[in-house]
Amino acid sequence: MTDCIFCKILRGEIPSSKVYEDELIYAFNDIAPMAPVHVLIIPREHIESAARIAPEHASLLGHIWTVIPQIAKQQSLTDFRVVTNAGADAGQTVAHLHFHLLGGKTMGTSLA
Ligand code: AMP
């Protein structure tokens, strides 16, 4: 999508700090980290949010969830949290599906 920030990152039009990439996904450090490790994992395909995940995305989502623990290990995390926000009320500010991988500090049990 032309004016999507994360699509621009994928095209190299906006700089990013790459953590991982393959043919399906890209991962980079969040520009405003909320934990010592705060990595965003995004599909190369523009999907607006988790609310738009459809059956045809099943293998992509399976792939993402296979790679997340690899990235956590690469970041030396044993304990980590994965968050995805869908919609403004849930805190989504970028309309391109992304998973926040957070770790490196004690986060507690409150999710909202
Ligand atoms: P969300 O609020 O769940 O939509 O998360 C969007 C995340 O993208 C936020 O944590 C932002 O800090 C992050 N973000 C926005 N622009 C950039 C950028 N250019 N590079 C890295 N992270 C970004």
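All values derive from a computational prediction rather than experimental measurement. All ligand and atom numbering here is 1-based and tracks the order in the structure.
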Novice: Can you tell me the protein heavy atom closest to atom 4 (O) of ligand 1 and the distance?
Specialist: Thr93 N, 2.6 Å
Novice: Would you name the heavy atoms of Leu24 and His63 that are closest together and state the gap between them?
Specialist: CD1-CD2, 3.8 Å
Novice: Closest non-hydrogen protein atom to atom 19 (N) of ligand 1, residue and atom name please, with distance?
Specialist: Ile9 CD1, 3.8 Å
Novice: How far is atom 9 (C) of ligand 1 from the closest protein heavy atom, and which atom is that?
Specialist: Asp30 OD2, 3.3 Å
Novice: Can you tell me how the ring of His98 sits relative to the ring of Phe6, calling it parallel under 30°, perpendicular over 60° and tilted otherwise?
Specialist: perpendicular
Novice: Can you tell me if Gly91 has a non-hydrogen atom under 4.0 Å from ligand 1?
Specialist: yes
Novice: Tell me whether the count of non-hydrogen atoms from other residues, nucleotides or ligands lying under 6.0 Å of CG in Asp22 goes above 12.
Specialist: yes
Novice: Working to the nearest 0.5 Å, report the span between CG of Leu40 and CG of Leu102.
Specialist: 8.5 Å
Novice: Heavy-atom distances under 4.0 Å decide this one: backbone, side chain, both or neither, for Phe6 against ligand 1?
Specialist: side chain
Novice: Work out which heavy atom in His46 is nearest to a heavy atom in Cys7; give both atom names and the distance.
Specialist: ND1-SG, 3.4 Å
Novice: Looking at Ala32, which atoms of ligand 1 are within less than 4.0 Å of one of its heavy atoms?
Specialist: 12 (O)
Novice: Which of the atoms in ligand 1, numbered in the order shown and given with their element, are less than 4.0 Å from a heavy-atom of Asn29?
Specialist: 21 (C)
Novice: Is the contact between Asn85 and ligand 1 made by the side chain, the backbone, both, or neither, using heavy atoms and a 4.0 Å cut-off?
Specialist: side chain
Novice: Which atoms of ligand 1 are found less than 4.0 Å from any heavy atom of His100?
Specialist: 1 (P), 3 (O), 5 (O), 7 (C), 10 (O)
Novice: Is the shortest side-chain heavy-atom distance between Leu101 and Val19 below 4.5 Å?
Specialist: no
Novice: What protein heavy atom is closest to atom 23 (C) of ligand 1, reported as residue, atom name and distance in Å?
Specialist: Ile31 CG2, 3.5 Å
Novice: Kindly give the heavy-atom pair with the smallest separation between Lys8 and Asp3, and that separation in Å.
Specialist: CE-CA, 4.1 Å
Novice: Pairs of nitrogen or oxygen atoms closer than 3.5 Å, one from Leu40 and one from ligand 1: do any exist?
Specialist: no
Novice: Does anything in residues 47-60 pair up under side chain to side chain donor-acceptor pair (under 3.5 Å), and if so which pairs, sequence neighbours excluded?
Specialist: Glu45-His57
Novice: Checking a contact table here: which protein heavy atom is nearest atom 1 (P) of ligand 1, and how many Å away?
Specialist: His98 NE2, 3.1 Å
